Amino acid sequence: MALLQRTFSIIKPDATKRNLTGSIIKKFEDGGLRIVASKRVRLSREKAEGFYAVHSERPFFNELVEFMISEPVVLQVLEGENAVSINREIMGATNPDDAAEGTIRKEFALDIGENSVHGSDSLENANIEIKYFFKEDEIVG
Ligand code: ADP
Ligand code: MG
């Protein structure tokens, strides 16, 4: 059954730096997702570390945080039917070498770390991540 959902997305520094924001948003919209909140920010170290706390024991954690604070990012809430899984399909696999043709990561990602986008991996995490960055009145569906 199709369910209207919201998911959380980040257009990462490698993409904002290369002026790919619009190209990535077009992938979301063409895939059936609607941008219902959007802001371009530079993440603080504290905010980036908190966001990726689940990965704090992974060997790439410091590299990931340094990357995420290196340039501006675009934080977005995407809405649509089955938005969480649809967004993961539009994004493609974490490693661009494994990503399917036509996905954001296949077309734009530089490598497994600088992979152009973040997308929530479950509805539960989507709700947590949306609340971490957006107030209710910043989301307009
Ligand atoms: P995804 O973003 O596809 O959900 P993960 O949650 O596993 O992937 O990892 C979070 C982010 O950490 C990735 O998007 C990527 O930026 C970075 N990352 C994951 N694995 C590696 C790795 N082996 N080396 C460097 N960075 C990595
Ligand atoms: Mg993840």
Side-chain angles (χ1 to χ4, degrees), residues 1-136 138-141:
M1 195 180 73
L3 291 171
L4 193 68
Q5 294 179 343
R6 286 176 173 174
T7 191
F8 176 70
S9 168
I10 306 178
I11 301 176
K12 293 184 178 182
D14 67 284
T16 62
K17 186 176 188 179
R18 289 177 290 148
N19 213 22
L20 293 171
T21 300
S23 301
I24 289 172
I25 290 173
K26 181 158 170 55
K27 293 279 195 191
F28 296 145
E29 293 184 340
D30 287 350
L33 300 177
R34 179 174 293 272
I35 316 295
V36 296
S38 185
K39 55 188 173 190
R40 181 177 170 104
V41 301
R42 191 182 273 262
L43 293 178
S44 66
R45 182 178 299 275
E46 183 191 18
K47 200 80 177 168
E49 285 176 349
F51 181 70
Y52 279 122
V54 63
H55 295 306
S56 62
E57 301 305 318
R58 307 275 283 276
F60 57 81
F61 178 70
N62 287 333
E63 180 191 335
L64 177 59
V65 169
E66 291 298 336
F67 166 58
M68 291 301 290
I69 67 176
S70 67
E71 296 280 339
V73 296
V74 179
L75 311 173
Q76 299 189 304
V77 180
L78 311 179
E79 187 179 83
E81 287 181 0
N82 299 307
V84 173
S85 62
I86 293 290
N87 183 42
R88 295 290 305 198
E89 282 180 30
I90 295 168
M91 291 164 59
T94 309
N95 186 340
D97 292 342
D98 302 330
E101 285 301 326
T103 61
I104 291 170
R105 284 166 164 172
K106 178 70 176 187
E107 284 190 24
F108 303 126
L110 298 177
D111 56 44
I112 193 172
E114 302 199 11
N115 59 4
S116 302
V117 279
H118 165 84
S120 308
D121 61 6
S122 68
L123 190 56
E124 186 188 5
N125 283 335
N127 290 328
I128 293 167
E129 291 172 3
I130 289 168
K131 282 196 180 70
Y132 188 71
F133 285 109
F134 287 96
K135 300 188 184 109
E136 199 54 52
E138 293 177 314
I139 306 169
V140 184

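Atoms within a ligand are numbered from 1 in the order they appear, just like the ligands themselves. Just so you know, these numbers come straight off a predicted model, no measurement behind them.
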>> Just to be sure I understand the cut-off, which residues have at least one non-hydrogen atom under 4.0 angstrom from an atom of ligand 1?
In response: Lys12, His55, Phe60, Leu64, Arg88, Thr94, Arg105, Ile112, Gly113, Asn115
>> Is there a salt bridge (charged side-chain N to carboxylate O under 4.0 Å, His left out) between Glu66 and Arg45? Walk through the geometry before answering.
In response: CA-CA 8 Å; Glu66 291 298 336; Arg45 182 178 299 275; 2.8 Å; yes
> Which is it for Leu75 and Phe51 under the side chain to side chain contact (heavy atoms under 4.5 Å, CB included) test, yes or no, and what are the steps along the way?
Replying inline: CA-CA 12 Å; Leu75 311 173; Phe51 181 70; over 6 Å; no
> Would you say Asn19 has more than 12 foreign heavy atoms packed within less than 6.0 Å of its CG?
Replying inline: no
>> Which label fits Phe8 and Phe134: parallel for a plane angle under 30°, tilted from 30 to 60°, or perpendicular past 60°?
In response: perpendicular
> How many angstroms lie between NZ in Lys47 and CD1 in Ile69, if you round to the nearest 0.5 Å?
Replying inline: 14.5 Å
> So, is the end of the Lys12 side chain (NZ or CZ) under 6.0 Å from the ring centre of Phe67 and within 45° of the ring's axis?
Replying inline: no
